[in-house]
Each structure stands twice: as structure tokens, then as C-alpha cells.
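Report on one structure; see the data block that follows.
Note that the structure is predicted; figures quoted are calculated from it, not measured.
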Amino acid sequence: LFVGGGFYQSYTWDGDPALTCGGCIVWNLARRYWSAPMLGYRNPVSSLIAADDSLYICSNEYVMRWTAGTYRKFGLAVYPVWFWTSVRYKNALIAAGQFVSPWNWTLQVKNVMQLQADTWTALGAGLSMSDETKSRVWALDVIDTVLYAGGNFDRSGQGNYIKMVAAWNGVTWTKLG
């Protein structure tokens, strides 16, 4: 059992500090104890996704993949980054939150992007508002083969009017209804 959040220390039932951790702890059911796989990291964990014998750990500044006790940290092409949610969609990890790449960067993303084959790419033209400081994607879900996003946005990057809930059809973001 993996637990992620905005904590840096776990405690015993008596309230005594038990374990210093970096926003993620693991419960070993067989031995009945907590361990800290992320020693040295001090960022809150916003979401955890298990896929392909790996655990993807999304935080406010990074995504890491934990496989067989080793970590790989994926660099990001945008900053600042605030990941609020992530989901597995087809063969990619979709990460969303509050981030927009500067106009002169190669990878242009707006609040949603995908990690596929160890490389970040844009997921369409993204989702945003006219005031970029207020736009963000709070939630992602996959139902059947459709990816849905919810949050503070009123358009796709293509300029289509989409208010607060969008569906990804594999090519572009569309509004519901």
C-alpha cells in the first residue's frame, strides 16, 4: 500500500515521530510496518499511479517512476509546475494541474501533458483561460476509451469554447453536450 500526500514524517499511534519520509510511505502488510521509499525528497505527492510494474509519483515539481526499488525522475519542460492529478490513458501517463510553458519553449503545453516512452509531449493544445494565472485542471478520469478533464478553464488551446469539463477524443479537446 502506497500513501502519498503533503507530509514529511509519519508517527506512531502514541504520536511519537516514527519515520522521516518525502511525501510517500509504503505499508508492508506481511511485516506490518511503514517504510519510506523517497528519502531526501521534500515535495508533497499529489497523485500515485500504478502501471507496468511501476509506480508513478506525481508531485508539485516532478514525476518519478519507482520500479523495483529504484527511481527515475522525469525532467519537465515547463515551470512552475503544480501537478494536481494524473491518470493512465492508453499507453501514457497523463498529468494535469497548473502549468503553462513560456512562448519560446519547444514543448508548448497548457495545464495537461502526457509522458509516453519516457518523453513529455503535449496533449493537444491543452486547456486554459484568458487569465492563465487562474486556469488549471483539477481532475482527470477515463471512462471506456475517453479521457475527461475538469477544472478552471474555458477553452482549449485551439480556441474552442469549453467550460470546466472537456473530453479528449484522441486528437482534440471537445466540450460535452
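- Expressed to the nearest 0.5 Å, how far OH of Y148 lies from CG of D141 amounts to 9.0 Å.
- Nearest heavy-atom pair, Q116 versus A92, reported as atom, atom and distance to 0.1 Å: CB-CB, 4.1 Å.
- Residues satisfying the side-chain hydrogen bond (donor to acceptor under 3.5 Å, both in side chains) criterion with D131, sequence neighbours excluded, are T133.
- Residues Q98 and N111 come closest through the heavy atom pair CA-OD1, 3.4 Å.
- Rounded to the nearest 0.5 Å, atoms CG (L147) and CZ (R88) are 13.0 Å apart.
- Closest non-hydrogen pair, L140 versus A149, comes out as CD2-CB, 3.8 Å.
- One hydrophobic cluster holds both F153 and V87 under the rule that ILVMFWY side chains link at heavy-atom gaps under 4.5 Å.
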Just list the side-chain donor-acceptor pairs under 3.5 Å for residues 161-177, sequence neighbours left out, or say none.
{"residue": "N169", "atom": "OD1", "partner": "V171", "partner atom": "N", "Å": "2.8"}
{"residue": "N169", "atom": "OD1", "partner": "T172", "partner atom": "N", "Å": "2.8"}
{"residue": "T172", "atom": "OG1", "partner": "Q158", "partner atom": "NE2", "Å": "3.0"}
{"residue": "W173", "atom": "NE1", "partner": "L123", "partner atom": "O", "Å": "3.1"}
{"residue": "T174", "atom": "OG1", "partner": "A167", "partner atom": "O", "Å": "3.3"}

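- A heavy-atom distance below 4.5 Å is not found between the side chains of K110 and S135.
- Annotation for S156 and L127: closest pair CA-CD2, 4.2 Å, computed over non-hydrogen atoms.
- Rounding to the nearest 0.5 Å places CG of N152 at 6.0 Å from CZ of R136.
- Between M129 and D154 the shortest heavy-atom distance is CA-OD1, 3.3 Å.
- When all heavy atoms are compared, the tightest approach of W138 to G151 is CD1-CA, 3.7 Å.
- Note on V112 and L93: separate hydrophobic clusters, where clusters join Ile, Leu, Val, Met, Phe, Trp and Tyr whose side-chain heavy atoms are under 4.5 Å apart, directly or indirectly.
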